[in-house]
Structure formats: C-alpha cells, structure tokens
Novice: 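Below are the structure tokens for one structure; questions will follow.
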Amino acid sequence: PWDPQRLSNVNDLCVDKSGSLWVMDTNDQPRRTIQFKTDGTFVQELLGNTHYGGGGTLNRYDLSRAFLGRVEFDVDWENRSARIRNVLAGRIYGEDLLPIRIKDRQYLTTAPLSYRAEQSFGVVYVYDETHGTARMAAAFGEALHFEPMFQPEIVSAMKGKTPQQFQFCWSDLNGNGKVDSAEVKLDEKKQDSNIKLGRFDSELGCVSGNTLYAVKEFLPDGTPLYETREL
C-alpha cells in the first residue's frame, strides 16, 4: 500500500515564504513533488510528468483503477482526481500493462507502446488484487532485450554464443517471481531473424510472425506454462 510520506530518491528541498517544505523525489515510478508544512505535516503530492508521449492503461474490469508501469492508481472520475493506490513490485517490465482475467484470476501483460505495433519480449504477471502486488510469472521473446538473460548461469548455457543469437521462454516454476536458470528454455534463432510480438489475447496467447506462444497449462498458483505452435 502506498504511503505518500515515504521518500525514496530526494533530489532537492526548498522552503517557500508561506511556510511550505517542497521535496523533489526523482524516483521514476512514480515521479512526484511533495508538499509538507515545515512542522512535517503532509499537504499533497503532485504526480508527473509522464513519460514521453504519456502512457498508462485503465483496468478494463474496474475503471476506477489504472496502471502506469509499477504504479497502480485509484481514479475518481466524479472529482477528476487520482491517487496512488499501490506499488505493484520493485521492478516492472513495460510501461503499459493490460489486465486479462481468466476464470477467477487476473493477470497483467506487457503491451507494445501506442506508437509501435510490436514488442521484443512479452511478460505476464499474476496480479494479487487483495494485496496490490504483481508477481512476474512468465516471459518469452528476444533474449537480447530481456535483462535476466544476462545472468552468468544463463549466458554460460549459451556455450560461447551471445543473447543476441537466442530466443527464450521462461515460466516461474518455483513461484519466487525470479528468473532462475533451470526454468529457462533457450532456442537459437535462425540467422537474421527477430522476435516481434504483438499484444496478448484473451487467453494469454501472443503471436510473432507465424508462431503462436500459447498457454498449455496453468500451475495451481496461476503461473502459465507456454508452448510454441506454428500458425
């Protein structure tokens, strides 16, 4: 749960003539300026600016909530205001997360930015509505662009080749939300081929060229296990 008085990366402080203390917090998500009284009383937080071109998505199942990167917001349409509700995780891949509900479980999926039609890798998060958290549960695509593929144990499995030469598929088999080398499947790409994924569909499937990444089964904790199928 979000505490607006909690500070992370304080870059600058100033006191104005009316007795307010202004704090510049340069954390990227969320970006904000905080106003206190000089006795420490919290007044307000000003959120923004957005990333280049804006960003963020509404929760299609609950329009009073929205996402921007790792931050979840409460949206008050009547009063035209918003406040931070939760920080979903320490790190989230993707700025625009799209929610997809399957049975009684909700997922968050990465999506291409609005000015692009493709993403080099896709990530699926299991969203915990009760606690306001998101666990990274699966990912696939270009190994070069997905940072966890540069772990020494995974690079050593490439046997002298580089992440640029591989595509990967990973599912969180042990439920710890981390990419462990034993969970990663690597496949060497055809020469000069690139993975260009679109958006996830309503069944958490995702297409690159004539290949469909499809869920073959779900683990009890909601983690999706993927397989590739030719279209």
Side-chain angles (χ1 to χ4, degrees), residues 28-29 50-60 67-70 88-89 91-102 106-127 134-151 154-155 157-173 177-181 183-218 223-231:
D28 187 51
Q29 293 178 342
T50 62
H51 293 264
Y52 174 76
T57 51
L58 286 172
N59 187 333
R60 69 184 78 184
F67 304 100
L68 177 61
R70 67 177 190 151
L88 298 169
R91 168 87 183 265
I92 287 284
Y93 294 93
E95 304 296 339
D96 292 346
L97 299 176
L98 297 179
I100 295 174
R101 189 179 294 278
I102 298 179
Q106 186 165 312
Y107 296 86
L108 297 174
T109 62
T110 57
L113 295 176
S114 58
Y115 63 92
R116 291 178 180 165
E118 301 158 341
Q119 52 184 339
S120 57
F121 62 87
V123 182
V124 178
Y125 297 90
V126 177
Y127 173 57
R135 173 178 63 87
M136 189 166 64
F140 47 82
E142 289 273 356
L144 175 65
H145 298 288
F146 189 55
E147 184 182 335
M149 293 298 103
F150 286 83
Q151 296 180 72
I154 296 176
V155 172
M158 299 177 185
K159 299 180 179 179
K161 296 181 179 179
T162 69
Q164 187 173 11
Q165 298 170 270
F166 288 89
Q167 61 191 41
F168 76 96
C169 190
W170 164 78
S171 290
D172 185 24
L173 302 179
K178 299 178 181 178
V179 179
D180 298 315
S181 58
E183 301 169 333
V184 176
K185 178 184 178 183
L186 293 170
D187 288 308
E188 193 168 351
K189 299 188 303 180
K190 297 178 182 178
Q191 190 172 9
D192 298 326
S193 65
N194 291 311
I195 307 299
K196 297 180 179 180
L197 296 159
R199 292 172 179 261
F200 284 82
D201 63 26
S202 61
E203 297 178 337
L204 294 182
C206 200
V207 172
S208 172
N210 67 340
T211 300
L212 169 66
Y213 291 82
V215 178
K216 63 179 180 179
E217 65 176 299
F218 290 94
T223 299
L225 304 183
Y226 278 87
E227 63 181 1
T228 56
R229 303 173 189 168
E230 295 301 311
L231 296 176

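In what follows, every heavy atom counts, from backbone to side chain, and hydrogens, waters and symmetry copies are set aside.
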Novice: Say you draw a straight line from CG of Asp180 to CD1 of Ile154; how long is it, rounded to the nearest 0.5 Å?
Specialist: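 Those atoms lie 8.0 Å apart.
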Novice: Would you give the length of the straight line joining atom CD of Gln151 to atom NZ of Lys178, rounded to the nearest 0.5 angstrom?
Specialist: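 The CD atom of Gln151 sits 10.0 Å away from the NZ atom of Lys178.
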Novice: For Gln164, does the CD atom sit with more than 12 other heavy atoms under 6.0 Å from it, leaving out its own atoms?
Specialist: no
Novice: Look only at the side chain of Thr57 and the backbone of Leu97, and say whether a donor-acceptor pair between them is shorter than 3.5 Å.
Specialist: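 Side chain of Thr57 to backbone of Leu97, a donor-acceptor pair under 3.5 Å: yes, one is there.
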Novice: List the residues meeting salt bridge (Lys or Arg N to Asp or Glu O under 4.0 Å) with Arg135, not counting sequence neighbours, and say none if there are none.
Specialist: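 For Arg135, the residues satisfying salt bridge (Lys or Arg N to Asp or Glu O under 4.0 Å) (neighbours in sequence not counted) are Asp172, Asp221.
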Novice: Between Phe200 and Tyr107, does a side chain to side chain contact (heavy atoms under 4.5 Å, CB included) hold up when you go through it step by step?
Specialist: CA-CA 11 Å; Phe200 284 82; Tyr107 296 86; over 6 Å; no
Novice: Would you give the length of the straight line joining atom NZ of Lys185 to atom CD of Gln167, rounded to the nearest 0.5 angstrom?
Specialist: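 Between atom NZ of Lys185 and atom CD of Gln167 there are 9.0 Å.
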Novice: Determine, using ring centers only, whether Phe67 and Tyr125 are less than 6.0 Å apart.
Specialist: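 They do not qualify: ring centres at least 6.0 Å apart.
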Novice: Please round to the nearest 0.5 Å and tell me the distance separating atom OG of Ser181 and atom CE of Met149.
Specialist: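 Here the interatomic distance stands at 9.5 Å.
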Novice: Return yes if some donor-acceptor pair links the side-chain N/O of Glu183 with the main-chain N/O of Trp170 below 3.5 Å, else return no.
Specialist: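 No: the side chain of Glu183 does not pair with the backbone of Trp170.
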Novice: First locate atom OG1 of Thr110, then atom CG of Leu197, and finally report the distance between them rounded to the nearest 0.5 Å.
Specialist: 8.0 Å
Novice: Kindly write out the residues that satisfy salt bridge (Lys or Arg N to Asp or Glu O under 4.0 Å) with Glu227, not counting sequence neighbours, or none if the list is empty.
Specialist: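 Residues passing salt bridge (Lys or Arg N to Asp or Glu O under 4.0 Å) with Glu227: Arg229.
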Novice: Do Tyr93 and Phe146 have their ring centres less than 6.0 Å from each other?
Specialist: yes
Novice: Look at the side chain of Lys196 and the backbone N and O of Ala117, then say whether any donor-acceptor pair between them is shorter than 3.5 Å.
Specialist: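 Answer holds: no.
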